[in-house]
Amino acid sequence: MLIFKDWHHFCDVSNETLWEKRTRGKKHKSLHRRAKRGTSVGRSIDERPAEVADRQQSGHGEIDLVVGGKGTGSAALLTLVERKSRKLIIRKIKDKTQAAVSRAINGIERSMGKEAFKVVFKSITADNGSEFLDYEALEASVFGRSTRTHLYYAHPYSSWERGSNENTNRMIRRFIPKGSDITKCTRTAIREIENWINRYPRKILNFKTQKSCSFRRSLHETHLAQKSWAF
């Protein structure tokens with residue numbers, strides 16, 4: 001059952017009230033594995049500009065899927081996180097195909113507008129899952145087929161290279177545990193999860209929320225944030 005708390009519950013923040021403390025040691029998986037996922041023909045993360053890695057520049061995202069349990073429906077959740085602000089977008093997609101992922105990104109661009117999307121997502125980093133390998137479709141704008149973003153692929157089995165996505169997906173699993181049937185998740189429930197996470201005080205943001213970070217102000221200063229992009 002979805003448990004949603006409004007903003008007022010976050011007025012007093014302490015270690016006791018934070019549901020997850022970031023005290024666990026990071027475990028880096030080996031790059032050397034016999035099994036391989038899809039082989040990307042796009043840009044490697046090694047080609048990604050240095051300013052993306054240090055999170056000093058706004059406007060770079062990470063993309064991933066949250067999938068349901070075996071034997072459940074084919075639906076999944078597409079998660080798109082801005083690396084600096086940790087702004088999260090969740091979209092339910094009908095299956096884990098390249099076409100479904102492209103449709104979801106197209107829908108996000110339409111709701112934000114062409115120029116706003118290019119500011120918020122100058123680049124997007126993905127893993128090597130087959131659902132993300134059509135980089136040409138993901139990079140091409142629905143407005144005139146110009147380039148809307150640049151896609152970069154992390155090294156295989158290197159989830160720490162997309163740490164914002166991994167941490168955010170862990171938060172989503174608080175509401176949608178592994179094994180759940182995502183086809184049963186309603187649009188309202190997904191929006192409440194998205195809002196909850198975007199309003200959650202983050203240690204990495206000095207216990208501020210995504211909605212109070214400077215990235216929000218920078219977009220308004222460029223006059224590119226539209227009402228459909230709910231900051």
Side-chain angles (χ1 to χ4, degrees), residues 22 24-67 76-91 93 96-102 104-106 108-109 112 114-141 145-172 202 204-205 210 213-215 218-219:
R22 302 290 188 247
R24 296 189 301 273
K26 295 179 185 275
K27 296 181 181 180
H28 289 183
K29 297 180 182 179
S30 171
L31 292 176
H32 304 289
R33 293 285 191 93
R34 292 181 181 179
K36 293 184 178 180
R37 301 187 70 187
T39 301
S40 164
V41 294
R43 301 178 187 84
S44 165
I45 194 172
D46 296 326
E47 302 175 59
R48 197 176 65 176
E51 59 266 22
V52 181
D54 60 22
R55 300 177 189 270
Q56 295 304 304
Q57 183 185 83
S58 299
H60 300 281
E62 297 177 11
I63 193 170
D64 201 6
L65 292 186
V66 174
V67 300
L77 298 180
L78 182 141
T79 61
L80 191 57
V81 183
E82 201 280 323
R83 284 173 53 84
K84 184 176 181 180
S85 69
R86 272 65 172 188
K87 166 72 179 182
L88 168 67
I89 301 173
I90 307 176
R91 292 292 185 270
I93 57 178
K96 299 180 290 182
T97 61
Q98 294 176 3
V101 170
S102 295
I105 298 300
N106 290 345
I108 293 170
E109 185 189 16
M112 293 175 62
K114 177 180 179 180
E115 295 305 320
F117 188 94
K118 291 177 70 173
V119 170
V120 179
F121 297 113
K122 301 179 184 75
S123 77
I124 298 175
T125 301
D127 65 21
N128 289 270
S130 61
E131 62 271 17
F132 299 124
L133 295 188
D134 189 358
Y135 72 94
E136 292 180 333
L138 295 177
E139 290 185 346
S141 172
R145 311 306 296 176
S146 58
T147 300
R148 62 184 169 197
T149 188
H150 292 94
L151 205 69
Y152 296 93
Y153 293 96
H155 296 109
Y157 304 101
S158 304
S159 60
W160 65 90
E161 294 179 340
R162 300 175 296 100
S164 297
N165 248 149
E166 292 297 312
N167 290 333
T168 301
N169 290 352
R170 189 181 302 119
M171 297 177 77
I172 292 173
R202 303 291 189 93
I204 196 69
L205 300 176
Q210 175 278 320
C213 74
S214 60
F215 182 58
S218 69
L219 271 183

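Values below: every heavy atom of this structure, side chains too, minus hydrogens, waters and symmetry copies. Quantities reported herein were computed from a predicted structural model and do not represent experimental measurements.
- With values rounded to the nearest 0.5 angstrom, M112 atom CE is found 6.0 Å from I89 atom CD1.
- What you find for E82 and G59 is that their closest heavy atoms are OE2-N, 2.7 Å.
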Requested in this report: List the steps, then state whether side-chain contact (heavy atoms from CB on, under 4.5 Å) holds for L138 with I124.
Outcome: CA-CA 9 Å; L138 295 177; I124 298 175; over 6 Å; no
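- Residues passing the side chain to side chain contact (heavy atoms under 4.5 Å, CB included) test with A100 are I93, D95, T97, R103, sequence neighbours excluded.
- Partners of S146 by side chain to side chain contact (heavy atoms under 4.5 Å, CB included), not counting sequence neighbours, listed by chain and number: K114, S141.
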Requested in this report: Please test F121 against L80 for side-chain contact (heavy atoms from CB on, under 4.5 Å), starting from the C-alpha separation and ending with a verdict.
Outcome: CA-CA 10 Å; F121 297 113; L80 191 57; 3.6 Å; yes
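- Here CG of L77 is found 8.5 Å from CG of L65. Values are rounded to the nearest 0.5 Å.
- Looking only at distances, a side-chain donor or acceptor of Y153 sits under 3.5 Å from a matching main-chain atom of F132.
- By the side-chain hydrogen bond (donor to acceptor under 3.5 Å, both in side chains) test, D54 pairs with no residue at all, sequence neighbours left out.
- Taking A137 as the reference, S102, D134 meet the side chain to side chain contact (heavy atoms under 4.5 Å, CB included) condition, with sequence neighbours excluded.
- Of the possible donor and acceptor atoms, none in the side chain of E109 sits under 3.5 Å from a partner among the backbone N and O of N106.
- The NZ atom of K118 sits 9.0 Å away from the NE2 atom of H150 when rounded to the nearest 0.5 Å.
- For the side-chain hydrogen bond (donor to acceptor under 3.5 Å, both in side chains) with R83, the lone residue among H60, E62, Q57 that qualifies is E62.
- Looking at residues two or more places apart in sequence or on another chain, you find no salt bridge (charged side-chain N to carboxylate O under 4.0 Å, His left out) involving E51.
- Not one N or O on the side chain of K84 forms a donor-acceptor pair closer than 3.5 Å with the backbone of V52.
- In terms of heavy atoms, E161 sits closest to A154 at OE1-CB, 3.2 Å.
- Using a 4.5 Å cut-off on side-chain heavy atoms (C-beta onward), I90 and I172 make contact.
- Applying the side-chain hydrogen bond (donor to acceptor under 3.5 Å, both in side chains) rule to S164 yields the partners R55; only residues at least two apart in sequence or on another chain are considered.
- Looking at V120 and K87, their side chains never come closer than 4.5 Å, going by heavy atoms from C-beta outward.
- Between Q98 atom CD and E136 atom CD the span is 11.0 Å, to the nearest 0.5 Å.
- The shortest heavy-atom contact between S123 and Y152 is CB-CE1, 3.7 Å.
- Every residue meeting the side-chain hydrogen bond (donor to acceptor under 3.5 Å, both in side chains) condition with E139, not counting sequence neighbours, appears here in chain and number order: R43.
- A heavy-atom distance below 4.5 Å is found between the side chains of I105 and I63.
- Partners of T125 under the side-chain hydrogen bond (donor to acceptor under 3.5 Å, both in side chains) rule, at least two apart in sequence or in another chain, are R48.
- Across K96 and A76, no two heavy atoms sit closer than the pair CG-CB, 4.0 Å.
- In this structure a side-chain-to-backbone donor-acceptor pair under 3.5 Å is present from T149 to K122.
- Under a 4.0 Å N-O distance rule, the pair R170/E166 does not qualify as a salt bridge.
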